[in-house]
Amino acid sequence: MEILKKFLKKSLTSVTIMVVPHSKVRPVKIKVSILCLVCSFLLCIIGAGYVASVGISTIEYYGMKRKVAFLSSQFRDLKVVMSSLHKADEEFSRLLSFKSKKKILENAEVSNAGALNIDLLKTQVAETIQSVSEIRKYIEEEKTLYRAMPSGWPIKGQISSGFGAREHPISGNTAQHTGIDIRAPVGTPVKATADGIVSFSSWHNDSGHIIVLEHGRGFTTAYAHNKANYVKVGQRVKRGEMIAVSGSTGTTTGPHLHYEVWKNGGHVNPAPFLKEAS
């Protein structure tokens with residue numbers, strides 16, 4: 001007990017710290033106990049140790065972060081490579097499934113270097129992606145043209161009057177027949193021959209109930225003498241969709257469908273388009 005009292009007495013003994021500035025300012029005296037001075041010293045040491053440990057941890061953290069970022073980048077690159085190769089394989093498999101297209105795709109052979117060369121693989125994949133992109137672009141253009149180009153018969157029946165100059169069945173005068181006439185019973189379904197948008201669906205004195213479809217890529221089709229139209233202006237239709245039923249409205253000598261194909265604003269013979277596209 002006596003020892004503790006002596007220790008406390010000594011630790012509480014005051015000491016004076018004098019701060020002498022290198023100027024004309026008077027020195028500053030700071031009076032503190034030995035215990036306070038020792039505690040301050042210990043806190044400084046602990047604080048310095050903590051700051052040093054935090055600094056080391058921070059350095060290690062950023063170093064690890066850089067390594068993780070690098071590895072993540074490599075894994076992402078490999079993932080992109082694998083995904084691109086998979087997509088390319090699917091794309092070529094899909095293209096090769098088009099049996100009606102008599103084309104052969106020639107691929108450059110890649111030698112086996114015995115090791116995985118990421119840079120070389122990336123270059124090859126980039127070239128493959130470019131090649132596939134060009135093929136995809138070509139297929140999309142062909143698909144757009146295919147969907148826009150009239151194909152197939154708009155109605156089941158028989159051609160009663162072809163395209164070109166003919167004697168008008170009512171007036172007897174020679175005139176240009178701008179489409180073909182397909183004989184069919186009243187009420188036979190009339191179908192769109194290509195995807196398109198209805199630009200006209202109404203009555204015309206000569207054509208009766210008539211529908212005009214805009215297909216894009218310069219193609220337009222017209223369906224005249226219908227008994228009734230089933231589509232409205234602005235409506236989108238698909239190839240094969242029923243748009244009307246045949247009739248004998250307007251100036252006619254009997255029930256039939258007058259079918260026209262326009263290309264870039266001019267009438268063309270619809271007969272070649274009656275064949276289904278392969």
Side-chain angles (χ1 to χ4, degrees), residues 100 140-278:
S100 61
E140 286 297 328
E141 290 177 352
E142 289 297 311
K143 180 180 178 180
T144 302
L145 178 59
Y146 167 74
R147 301 305 302 179
M149 183 182 295
S151 175
W153 288 68
I155 192 173
K156 291 183 178 180
Q158 295 179 337
I159 297 178
S160 57
S161 182
F163 178 85
R166 68 166 185 175
E167 183 179 307
H168 195 279
I170 296 178
S171 67
N173 297 325
T174 300
Q176 179 73 11
H177 191 217
T178 55
I180 59 174
D181 293 340
I182 304 175
R183 186 186 301 112
V186 174
T188 304
V190 177
K191 299 180 180 180
T193 54
D195 294 0
I197 298 176
V198 180
S199 60
F200 187 86
S201 179
S202 188
W203 175 269
H204 185 272
N205 289 335
D206 291 333
S207 302
H209 290 295
I210 181 173
I211 295 172
V212 178
L213 302 181
E214 303 295 337
H215 307 289
R217 302 298 289 265
F219 287 104
T220 303
T221 54
Y223 312 77
H225 305 307
N226 305 318
K227 178 182 179 182
N229 296 345
Y230 292 159
V231 292
K232 299 179 180 180
V233 173
Q235 182 176 337
R236 291 182 177 273
V237 297
K238 294 289 186 180
R239 174 182 282 129
E241 182 178 343
M242 188 171 75
I243 58 176
V245 290
S246 64
S248 186
T249 58
T251 305
T252 67
T253 57
H256 72 280
L257 173 71
H258 176 78
Y259 175 59
E260 294 187 1
V261 175
W262 307 342
K263 175 63 175 175
N264 296 326
H267 294 91
V268 295
N269 188 357
F273 297 95
L274 297 181
K275 184 180 179 181
E276 294 285 351
S278 59

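By the 6.0 Å contact criterion, NZ on K156 is open, its count of non-hydrogen atoms from other residues, nucleotides or ligands being 12 or less. Heavy-atom contacts from other residues, nucleotides or ligands closer than 6.0 Å to CD of Q158 number 12 or fewer.
One finds the NZ atom of K263 at 11.5 Å from the NE2 atom of H215 (value rounded to the nearest 0.5 Å). A distance of 12.0 Å separates CD1 in I155 from OH in Y259, rounded to the nearest 0.5 Å. Here the straight-line distance linking atom CD of Q235 with atom OG of S201 works out to 8.5 Å at 0.5 Å rounding.
Residues passing the side chain to side chain donor-acceptor pair (under 3.5 Å) test with S160: none are found, sequence neighbours excluded. Residues forming a side chain to side chain donor-acceptor pair (under 3.5 Å) with R239 (at least two apart in sequence, or on another chain): none. The side chain to side chain donor-acceptor pair (under 3.5 Å) test applied to T188 returns no partner, not counting sequence neighbours. In this structure R236 satisfies the side-chain contact (heavy atoms from CB on, under 4.5 Å) test together with I197, sequence neighbours excluded. Contacts of W262 classified as ring pair (Phe, Tyr, Trp, His ring centres under 6.0 Å), with partners at least two apart in sequence or in another chain: H267.
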Please walk me through it: do K238 and D195 pass side-chain contact (heavy atoms from CB on, under 4.5 Å)?
CA-CA 4 Å; K238 294 289 186 180; D195 294 0; 3.7 Å; yes

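For the pair N229 and V190, the minimum side-chain heavy-atom distance is 4.5 Å or more. In this structure, the side chains of P154 and L274 come closer than 4.5 Å at one or more pairs of heavy atoms. Within the 4.5 Å cutoff, no side-chain heavy atoms of F273 are placed close to those of T193.
The minimum heavy-atom distance linking K232 with V198 is given by the pair O-CB, 3.2 Å.
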May I have the list of side-chain donor-acceptor pairs in residues 206-214 shorter than 3.5 Å, sequence neighbours left out?
| from | atom 1 | to | atom 2 | distance (Å) |
| --- | --- | --- | --- | --- |
| D206 | OD1 | T251 | OG1 | 3.4 |
| E214 | OE1 | T220 | OG1 | 2.8 |
| E214 | OE2 | S199 | OG | 3.2 |

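Side-chain atoms of N226 come within 3.5 Å of backbone N or O of Y223 as a donor-acceptor pair.
Ring orientation note: the planes of H258 and H177 are tilted relative to one another, at an angle of 30° to 60°.
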